[in-house]
Amino acid sequence: MGDRRRNLLILLTVGLLLVGSLVVVVTKTTRLGLDLKGGVELVYQGRPTPQQPKVTSEAVDRAIEIMRKRVDALGVAEPEIQRSGPDQIDAGLPGTKNAQRAIKSVGKVAQLFFYDWEANVLGRDGKPNPSDPNVTGGQSAGQAGGIPYYDAVTLAAKRPSMNQGKATVNGQSFLVDDKQKKVVGGPAESAGDLVSELPGGEAPRGTRVVNVNTGTLVVQAEPPAAAKGKRKKPPDRYFVLNDAPALSGKELTNIKQDFQRQGGSSPIVSFKFSDKGRSAWHKVTRTIAQRGQQQQLPGEGAQASFQHFAAVLDGQLITVPFISFTDNPDGIDGSNGADIEGGFTIQSAQDLARNLQTGALPI
């Protein structure tokens, strides 16, 4: 083959490669990273919980799996969720339009627990005390009561460690200003974490760290009702609970966003129970119903003695409904499931249902 023919063949081959490359570039969708497409990058560090006392490789893998399901439910295209070091997870969410929703949904622990309200909500004396103004009766339990954040934290800090094996968190740390009677930081999992999250890594002058031991929980009250067309204001009242729940969200099945069946059309989250959960639910509601019946005074209406249970999600009081001992003297067996009503929007109810479906993060 002559040199001229060989050069022509080489030029033809190069030309075909260039044409092929051009076709690929034109037809193939370019994957844009966060720097070009915009979006959110979230970095999480795994910490132990009472249910998972050590951050293991398996626990991190499980957390990644749950996060990926949550991201899929948000409709994020081509997310990048991967391990970053032995206990960190890096979640890149390109093209995310609602950053705050992503932040709230992807890394939310989503630990839901149910409590016997009157038996576990504490008065200012640090003991269950239904006559304390901190504990309200009737259908408004948990919504009309509560105490300021500073008072709740300092009250909770007086209790020793307890409820080993039952508590939902490994203690909490807060930063308080005693002069102004304000909580200025927290909750954090330790005093070191609390300070490291502050500007400059130092606590402001005039503040101190307050530690709440395992077995006591500070929870935010239910959001107050908002005026029509206005956003709900964050609740400014808090409760202190003896942290010994009757059952957890792990015992729920068939979780979905639904609407009230009677007396309204507000969004709710409905669910069924596992066999273990149904038994625990029946037991606690029977205890609540029987206690209310025993406390009814002669000549007093039944409703004044109704007792309550509470649903708490990641330190937020969701709802505190009553158990009617006239309608359910033996409690509620749970065969028909139950609902959570918490002043949801459709989107917030859908997000909660999805997070409960995928399961709580193990760490």
Side-chain angles (χ1 to χ4, degrees), residues 17-49 52 55-112 185 187-189 193 196-201 223 231-232 234 249-250 255-257 267 269 313-316 318 342 344-363:
L17 289 173
L18 288 174
V19 172
S21 299
L22 183 61
V23 170
V24 170
V25 170
V26 172
T27 59
K28 183 177 178 59
T29 301
T30 302
R31 181 175 180 178
L32 300 179
L34 289 174
D35 55 338
L36 296 177
K37 192 175 182 180
V40 180
E41 182 174 16
L42 308 171
V43 181
Y44 298 95
Q45 183 174 31
R47 298 296 176 86
T49 66
Q52 179 69 43
V55 179
T56 63
S57 178
E58 291 77 11
V60 174
D61 290 341
R62 173 61 179 154
I64 291 174
E65 178 185 346
I66 292 172
M67 285 182 172
R68 187 167 285 116
K69 290 180 180 178
R70 293 179 179 179
V71 170
D72 289 344
L74 290 174
V76 177
E78 298 184 322
E80 296 180 358
I81 304 175
Q82 59 192 356
R83 183 193 296 266
S84 177
D87 62 352
Q88 290 188 338
I89 298 172
D90 191 322
L93 312 179
T96 301
K97 295 181 180 179
N98 191 332
Q100 289 303 313
R101 185 186 179 200
I103 291 170
K104 289 180 180 179
S105 298
V106 177
K108 192 176 185 69
V109 179
Q111 288 193 341
L112 177 67
E189 296 174 2
D193 293 338
S196 67
E197 295 171 358
L198 298 173
R231 291 185 177 182
K232 288 185 177 182
K250 292 181 179 180
I255 306 164
K256 62 181 180 179
Q257 182 266 314
V269 176
L313 176 71
D314 293 343
Q316 171 75 60
I318 301 299
F344 297 112
T345 63
I346 293 178
Q347 180 176 297
S348 65
Q350 289 174 343
D351 288 345
L352 174 56
R354 286 168 181 160
N355 284 350
L356 293 176
Q357 286 168 0
T358 55
L361 295 179
I363 51 177

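The residues of the chain are indexed from 1 along the displayed sequence.
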Inset, instruction - Apply side-chain contact (heavy atoms from CB on, under 4.5 Å) to the pair Ile363 and Arg62, showing each step before the final yes or no. - result: CA-CA 9 Å; Ile363 51 177; Arg62 173 61 179 154; over 6 Å; no
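Here CD1 of Ile89 is found 4.5 Å from CD1 of Ile64. Values are rounded to the nearest 0.5 Å. The CG atom of Leu112 lies 8.5 Å from the CD1 atom of Ile255; values are rounded to the nearest 0.5 Å. Here the CZ-CD distance, from Arg68 to Gln82, works out to 9.0 Å after rounding to the nearest 0.5 Å.
With sequence neighbours left out, the side chain to side chain contact (heavy atoms under 4.5 Å, CB included) criterion links Gln45 to Arg47, Asp87, Gln88. With sequence neighbours left out, Lys69 forms a salt bridge (Lys or Arg N to Asp or Glu O under 4.0 Å) with Glu65. Partners of Thr56 under the side chain to side chain contact (heavy atoms under 4.5 Å, CB included) rule, at least two apart in sequence or in another chain, are Gln52, Lys54, Glu58, Ala59. Listed by chain and number, the residues in a side-chain hydrogen bond (donor to acceptor under 3.5 Å, both in side chains) with Asp90 amount to none (sequence neighbours excluded). For Gln316, the side chain to side chain contact (heavy atoms under 4.5 Å, CB included) criterion is met by Gln220, Pro223, Pro235, Ile318, not counting sequence neighbours. In terms of the side-chain hydrogen bond (donor to acceptor under 3.5 Å, both in side chains) criterion, residue partners of Ser348 (sequence neighbours excluded) are, by chain and number, Thr345.
The two residues Pro362 and Thr49 come nearest to each other via the heavy atoms O-OG1, 3.4 Å. Minimum interatomic distance between Ala353 and Gln257 (heavy atoms only, all atoms of both residues): CB-N, 3.8 Å. What you find for Val60 and Pro86 is that their closest heavy atoms are CG2-O, 3.8 Å.
Taking the side chain as every heavy atom from C-beta outward, Ile81 and Arg70 never approach each other to under 4.5 Å. Looking only at side-chain heavy atoms (C-beta outward), Ser57 and Arg83 come within less than 4.5 Å of each other.
Listed by first then second residue, pairs satisfying salt bridge (charged side-chain N to carboxylate O under 4.0 Å, His left out) with a partner in residues 349-363 read Arg101-Asp351, Asp351-Arg354, not counting sequence neighbours.
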